[in-house]
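Working notes, structure below.
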Amino acid sequence: PRTVSLSTTGASLRTDDFQASGPLPGVPSLRLRGQAVHFPTQVSEPASKLSSDFSIGMWVKTTQSVVDLVSCYDYKAKQRSYSFGIGGQSDPESRPGRLHVWISSKTDPFQGVVAYGSQPVNDGKWHHVAMSFAAGKTLQLFVDGQLDPAPRVKGALPRSIASSNRPLAFGGGFDDSEHPTRFLLDGEIADVRIFARPLSGTALGALDRNNHDKLLRWARNPNGNIPATLIEVYQELQRSIVSVSDPAVHQLRSQIQELT
C-alpha cells in the first residue's frame, strides 16, 4: 500500500493500487442462485460463434470454487468451443477458485489451449475478471484490471475457434445437455462484455467505484499524488475505443475534461 495525498480534501488516503469495490454506481447486477442464463441460438450466435480474436470482461461476486461464467462448451457431447469461468469444472489440473479459459479449434477431440489463473476470486467480494485472446498469438487473464502474472498455460494457442451447437450461457455450463445444467453460479454478475478483438482488463470495464472517485478527486487537483496504477487506468480509458461508448466511463471522462 502507498499513501495518496489529495489536498482538495485535506486528507491522506491509504489504499492499495487497485482494490476492486464493485461495479460503478448505476450498473445493475444479476443475482443467480443455481440457475444459468442462456439465449436462443439466433440471439447468442454472434458471441457463441466467435472464430478468432475475442475478449470477455465482467464483474462477479461468489464464494464458489467451481463455476462456469461464460460458456458454449460441452466436452461430453463433443461440442467444444470456449469456456471462461472459475475452477475449470474441477479438472484435476485446475486451480479451484481461480479463473480458467478453455479454447479449442475442434469440437472433438480437444485441440487448443487451457489456462488456469493464479489469483483467487471466490472470497465473496466483487472482482472484475477478464480474458483476452489473440488467435495464435496470446492469451491473457486479468483480475481487477491487473494482468495475471503467473497463469498456468498448457497447449498451443489455436488460430481459430470451433463452432459448437451449444447456445451461449452465463453463470453455468453444459454437461451432455442442450441447456446449461452444471457448474451453476450462486452469486452475482454485472457488466458482462464480449468483443471480437483482444482488449485489456481496463478496457473491458475494470474501473471500480473507489477508483472512479479517486480519479475525480485527482481531476480536481491533478498536481496531487496518485498511485501510478490509477494514472495508467486513466490513460487506458483515454485510449480505449470501447470506453468512449460506455455511459459511465464517458461521464467520468467528461467530468475530468471539465475540471481540468
dist Met131:CE -> Phe142:CZ (nearest 0.5 Å) comes out at 10.0 Å
If Ile, Leu, Val, Met, Phe, Trp and Tyr residues are connected whenever their side-chain heavy atoms lie under 4.5 Å apart, and connections chain through other members, are Val37 and Val67 in the same group?
-> yes
Notebook entry, point to check: Is there a side-chain contact between Phe84 and Val129, using heavy atoms and a 4.5 Å cut-off?
Noted result: yes
*asked:* According to a hydrophobic-cluster definition based on side-chain heavy atoms being under 4.5 Å apart (Ile, Leu, Val, Met, Phe, Trp, Tyr only), do Ile194 and Ile161 belong together?
replied: yes
**Prompt:** Any donor-acceptor pair under 3.5 Å linking the side chain of Asp144 with the backbone of His128?
**Reply:** yes
### Task
Dump the intermediate steps for side chain to side chain contact (heavy atoms under 4.5 Å, CB included) on Gln79 and Asn165, then the final yes or no.
CA-CA 7 Å; Gln79 290 296 321; Asn165 62 12; 3.2 Å; yes
task = Describe, in one word, how the ring planes of Tyr82 and Phe54 are oriented to each other, choosing from parallel (under 30°), tilted (30 to 60°) and perpendicular (over 60°).
result = tilted
* To do: Would you check, one step at a time, whether the test side chain to side chain contact (heavy atoms under 4.5 Å, CB included) holds for Phe183 with Ser90?
  => CA-CA 9 Å; Phe183 319 111; Ser90 297; 5.6 Å; no
With no hydrogens and no angle check, is any side-chain donor or acceptor of Asp148 less than 3.5 Å from a backbone partner on Leu141?
no
Checklist entry - Do the charged groups of Lys76 and Asp74 touch, with an N to O distance under 4.0 Å? => result no
Are side-chain heavy atoms of Lys154 and Val113 found at a separation under 4.5 Å?
no
Quick one: does any side-chain atom of Gln119 pair with a main-chain N or O of Val143 as donor and acceptor, under 3.5 Å? no
Do Asp175 and Arg182 meet the salt-bridge criterion of a basic N to acidic O distance under 4.0 Å? yes
Side chain to side chain contact (heavy atoms under 4.5 Å, CB included) assessment of Ile189 paired with Trp59
CA-CA 5 Å; Ile189 57 175; Trp59 287 94; over 6 Å; no
- Can you tell if the side chain of Ile56 reaches within under 4.5 Å of the side chain of Arg193, non-hydrogen atoms only? no
Of all heavy-atom pairs linking Thr63 and Asp123, the shortest is CG2-C, 4.4 Å
d(Lys106 NZ, Ser163 OG) to nearest 0.5 Å is 15.5 Å
Note: Gly87 and Ser94 closest approach over all heavy atoms is O-OG, 3.0 Å
Cluster question for you: counting only ILVMFWY and a side-chain heavy-atom cut-off of under 4.5 Å, with indirect links fine, are Leu32 and Met58 together?
-> yes
- Message: Tell me if a side-chain donor or acceptor on Ser71 pairs with a main-chain N or O of Ala169 at a distance below 3.5 Å.
- Response: no
For Ser104 and Gln111, indicate whether the former's side chain and the latter's backbone hold a donor-acceptor pair under 3.5 Å. yes
The reported gap from CG in Asp53 to OG in Ser160 (rounded to nearest 0.5 angstrom) is 11.5 Å
Rounded to the nearest 0.5 Å, the CZ atom of Arg159 sits from the NZ atom of Lys137 at a distance of 8.5 Å
* Does any non-hydrogen side-chain atom of Trp102 lie less than 4.5 Å from one of Ser81? -> no
Shortest non-hydrogen pair, Ser52 vs Phe133, comes out as O-CD2, 3.6 Å
Closest non-hydrogen contact found for Ala115 with Val153 is CB-CG2, 4.1 Å
Shared hydrophobic cluster, Leu139 / Tyr116 (ILVMFWY, side-chain heavy atoms < 4.5 Å): no
| said: Do Val60 and Leu69 have side chains that approach each other closer than 4.5 Å (heavy atoms only, starting at C-beta)? | reply: yes
*Backbone N/O of Arg197 and side chain of Ser55: donor-acceptor pair under 3.5 Å*: yes
When you measure from the side chain of Arg98 to the backbone of Gly117, do you find a donor-acceptor pair of N or O atoms at a distance under 3.5 Å? no
- Answer whether the closest heavy-atom distance between the side chains of Tyr75 and Gln89 falls below 4.5 Å. yes
Arg95 side chain reached by Arg152 side chain, heavy atoms, under 4.5 Å = yes
With the 4.5 Å side-chain cut-off for hydrophobic clustering, are Val121 and Val114 part of the same group? no
Taking NZ, NE, NH1 and NH2 as the nitrogens, is one of them in Glu188 or Arg31 under 4.0 Å from a carboxylate oxygen of the other?
no
**Message:** Quick check against the 3.5 Å criterion: does Arg166 have a side-chain atom that pairs as donor or acceptor with the backbone of Ser177?
**Reply:** yes
Minimal heavy-atom distance between Ala190 and Pro23, with the atoms involved, is CB-CG, 3.8 Å
Taken to the nearest 0.5 Å, the spacing of Phe195 CZ from Ser132 OG works out to 11.5 Å
Taken to the nearest 0.5 Å, the spacing of Ile86 CD1 from His127 NE2 works out to 9.0 Å
Heavy-atom nearest pair, Pro149 first then Pro151, reads C-CD, 3.6 Å
**Prompt:** Short question: side chain of Gln64, backbone of Leu184 - any donor-acceptor pair under 3.5 Å?
**Reply:** yes
Non-hydrogen side-chain atoms of Ile103 and Tyr73 separated by less than 4.5 Å
no
